[in-house]
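What follows is a short report on a single structure.
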Amino acid sequence: MTNKVKIAVFASGSGSNFAAIEEACQKGELNAEIVLMVTNKPEAYVVKRAEQAGIPVAAFQPKQFDTKEAFEEAILATLREAGAEWLILAGYMRLVGHTLLSAYPSRIVNIHPSLLPSFPGKDAIGQAVEHGVKVTGVTVHLVDEGMDTGPILAQRAVDVVDGDADQTAEAIHAIEHDLYKETLNGLFE
Ligand code: GRF
């Protein structure tokens, strides 16, 4: 096994993708090591998951900073200290700005619960159900300055379950965990 890739996972929610990535690292299914979990929501469940897994947590709240640049400079200093080589967004509900994008060119990855470019932004599963589409899916993409607009790395289709957002979300999450692992493995080879 070659040297492990050092990754920082950014998450603000329940953290099921964080947990799947962490498990894959532990099992050796992903040649990576999570050196930091970055969140803007210190109360999010993902923080508990990280603590239980013994992964350092860095919580930064934008309101503590005067500008987005200052907010991202603080994150960047912590990332550098931890030696993070790639930034993996997994339910991080903020747009990444110029400071982080220029520090990690083509090294920031996101997962989104739709077949982009359909249904970018918040509540993509709700948007798909509301629109009445029969098939939605999962996209893994590189991050640029737009909202879910960067170059697409991988996609997988998921059937919408009877117009039911909860059941569809369950199916999407299961696919997300596999697709993220596979795509990151391709990137880290
Ligand atoms: C996932 O659906 C991901 O695609 C989106 O946010 C959700 C995070 O879920 N960006 P979880 O916190 O990993 O369970």
Side-chain angles (χ1 to χ4, degrees), residues 7-26 29-30 32 34 36-53 55 57-60 75 86-97 100-101 104 107-131 133 135-161 164-187:
I7 62 176
V9 177
F10 283 51
S12 331
S14 95
S16 72
N17 281 282
F18 166 83
I21 293 168
E22 206 275 322
E23 191 185 331
C25 291
Q26 289 304 328
E29 293 169 1
L30 191 55
I34 305 178
L36 195 66
M37 199 284 287
V38 178
T39 189
N40 63 315
K41 293 251 167 69
E43 71 286 0
Y45 186 62
V46 66
V47 172
K48 284 202 179 59
R49 293 193 200 252
E51 286 169 354
Q52 274 162 13
I55 291 177
V57 173
F60 293 96
I75 297 176
W86 286 80
L87 311 187
I88 310 304
L89 313 191
Y92 181 64
M93 303 305 286
R94 292 196 64 81
L95 267 187
V96 175
L100 288 176
L101 284 165
Y104 286 89
R107 287 199 167 219
I108 308 180
V109 190
N110 183 42
I111 189 160
H112 184 77
S114 76
L115 292 175
L116 291 170
S118 291
F119 312 126
K122 283 191 182 155
D123 191 21
I125 300 169
Q127 290 184 56
V129 169
E130 181 71 16
H131 203 89
V133 297
V135 177
T136 182
V138 175
T139 302
V140 179
H141 65 96
L142 289 177
V143 172
D144 64 10
E145 51 290 312
M147 172 82 82
D148 303 319
T149 50
I152 290 171
L153 300 170
Q155 288 189 306
R156 199 158 290 165
V158 176
D159 286 342
V160 173
V161 186
D164 181 319
D166 289 343
Q167 285 187 60
T168 305
E170 213 173 293
I172 282 188
H173 277 307
I175 299 291
E176 282 187 331
H177 301 162
D178 283 345
L179 190 66
Y180 220 176
K181 185 172 69 181
E182 283 169 27
T183 312
L184 293 177
N185 258 325
L187 285 173

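A quick note: this is a predicted structure, and the numbers were derived from the prediction, not measured. Order of listing sets the numbers, starting from 1, for every ligand and every atom in it.
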[Y] and [X], any side-chain heavy atoms less than 4.5 Å apart:
| X | Y | value |
| --- | --- | --- |
| E22 | Q52 | no |
| V143 | Y104 | no |
| N17 | H173 | yes |

[X] N/O to ligand 1 N/O under 3.5 Å:
| X | result |
| --- | --- |
| G15 | yes |
| E176 | yes |
| I111 | yes |

Output the list of atoms in ligand 1 that are nearer than 4.0 Å to some heavy atom of H112, sorted by atom number.
4 (O)
Tell me if a side-chain donor or acceptor on D164 pairs with a main-chain N or O of D166 at a distance below 3.5 Å.
yes
Distance from atom 9 (O) of ligand 1 to nearest protein heavy atom, with residue and atom
H173 CE1, 3.4 Å
Among protein heavy atoms, which sits nearest to atom 6 (O) of ligand 1, and what does the distance come to when rounded to 0.1 Å?
G91 CA, 3.4 Å
I152, L179, L153, N110 screened by side-chain contact (heavy atoms from CB on, under 4.5 Å) with T139, the one that passes:
I152
Using the rule side-chain contact (heavy atoms from CB on, under 4.5 Å), only one of P113, S114, S118 pairs with L116; which is it?
S114
If you measure from atom 14 (O) of ligand 1 to every heavy atom of A169, A11, A44, S16, which option wins on shortest distance?
S16
M93: heavy atom below 4.0 Å from ligand 1, yes or no?
no
